[in-house]
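One-based numbering, in listed order, for ligands and for the atoms of each.
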Amino acid sequence: MSELPQSADLIVFGGTGDLSMRKLLPALYHCDRDGRLSPETRIIAMSRGGLDDADFRGKVDAQVRGAVPIDDLNVWERFLGRLHHVSVDIGGEDTAGWERLGAMLAGHEQRTRVFYLASPPMTFGLFCRQLERVGLVTPASRVVLEKPLGRDLASARRINDEVGAIFDERQIHRIDHYLGKETVQNLLVLRFANAFLEPIWNSLWIDHVQITASETVGTPGRRGYYDHAGALRDMVQNHLLQLLCLVAMEPPSRNDREAIRDEKVKVLQALRPIVGGEVDRFTVRGQYTAGESGGEQVPGYLDEPDGTAPTETSRRVETFAAIRAEVKNWRWAGVPFYLRTGKRMPHRYSEIVVQFKDVPHSIFPGSAPNRLVLRLQPSEGIQLHIMAKEPGAGEVALKPVPLSLSFAETFTTRVPEAYERLLMDVLTGNPTLFMRRDEVEAAWRWIDPILGEWEAHGTLPEPYPAGTSGPAGAHELLGRSGRTWHEEASE
Ligand code: BG6
């Protein structure tokens, strides 16, 4: 077994929230179960909740236990024993919570101290200032920022400035959980640990690339967040652009924190800006209406059950976005990168499709170009679609068949959740899979004009019924050049 990380105190702001209960705590339990947390490591949830340690442990026992495999009750009890809760009056007059946190951390200054901000981005600066004011920021401290990092370039810069006034860039970990997914890391290995792809990984051989993150879920109960986010800010600015970077980047000289991020940022800087009238031509936004999803009738975005009534902002927000992007450099000149994401789509899957060009001169009827499909989720794997001859003595008949690597069938070990990997990287101080300030800002710089044009527009997003693959405009986006989206039946 690898060496245990040092003892750590992981302080989670928004520690009783949705992300914490659904992702962070299950991931930390898995790390504990696999023996990757040192015995002294503590997890301290901060919230307004007014809970004490026992209440919080009870809540986690009730909500998280059913969602994780418990094969040894002692391990679960040990995990619960690491949990603490501190009630804090965020930004208010009452400083008792901060003092209690200070008392808990006193005497443990040598430990790795991680402040995980799973709270709205406008609280990041405030929390960092409070932490400094009460003297809790040590040289061994790290801060983790959950997305979204701002709403646009200006707000992202402001947040980066505020956090940067307290923490050094090397202490700041901006999380994008897609980077922790196994297949995403495998993409780097596929590209840079195999020689055969590199000579054909360019515009001479590749026709286009498609990156899809398709979800069946809607947004019930999330209007407060989603109305002000939309698919572009929620998924494209971060997850999809990060995937684009990994497909398009040049080979880094080393597998290290700066070399990989340097190459990614160059891709973002090479994205051709989509401005003015081009926004209409190269982007599509949609909003789901009522329809049938997963065998049941579901409401449209505006009628999702939520404590509040929809507003004009709700009517204008996109639950689907598709963009035709281009990377303006020697390798990728003229190769479209189609990005697409949506809620209430027919299937849940995320994948990258690299569509190769057809053979220069075909001697067989019915040949089709090769295609490489990287399946991020579910059923993680890689497929290379090649043409083969169908068995038979008659005329040669061709059929595309996949050369398939399924991770589940090839490797018997459990595929860890993205957050497990990322949390361990924070604890061991490896920032490679986290976004650097210049990356985040370069991504916003490209997104801002699209957002600006959409917001200035009098028109509403195109409607699409829940359970269908997005609005007609998304199909036209590819159809104009004779291409189609790769739709694959999934879950
Ligand atoms: C989050 C978005 O970042 O990613 C959610 O805020 C989205 O809206 C989620 O549902 C998708 O993550 P995954 O890992 O399920 O693809």
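- With sequence neighbours left out, the side-chain hydrogen bond (donor to acceptor under 3.5 Å, both in side chains) criterion links Asp448 to no other residue.
- Pairing each heavy atom of Pro471 with each of Gly286, the nearest pair is CG-CA, 4.0 Å.
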Atom pairs and distances, donor-acceptor, side-chain atoms in residues 267-274, under 3.5 Å, two or more places apart:
from   : atom 1 : to     : atom 2 : distance (Å)
Arg272 : NH2    : Glu278 : OE2    : 2.9

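- In plain terms, the two heavy atoms of Pro299 and Asp303 that are nearest each other are CB-O, 3.7 Å.
- Under 4.0 Å from any atom of ligand 1, one finds heavy atoms of residues Lys147, His177, Tyr178, Lys181, Glu215, Arg222, Asp234, Met235, His239, Lys343, Arg348, Gln377.
- Taking every heavy atom of both residues into account, Val12 and Leu24 meet most closely at CG1-CD1, 4.0 Å.
- With sequence neighbours excluded, no residue satisfies side-chain hydrogen bond (donor to acceptor under 3.5 Å, both in side chains) with Glu476.
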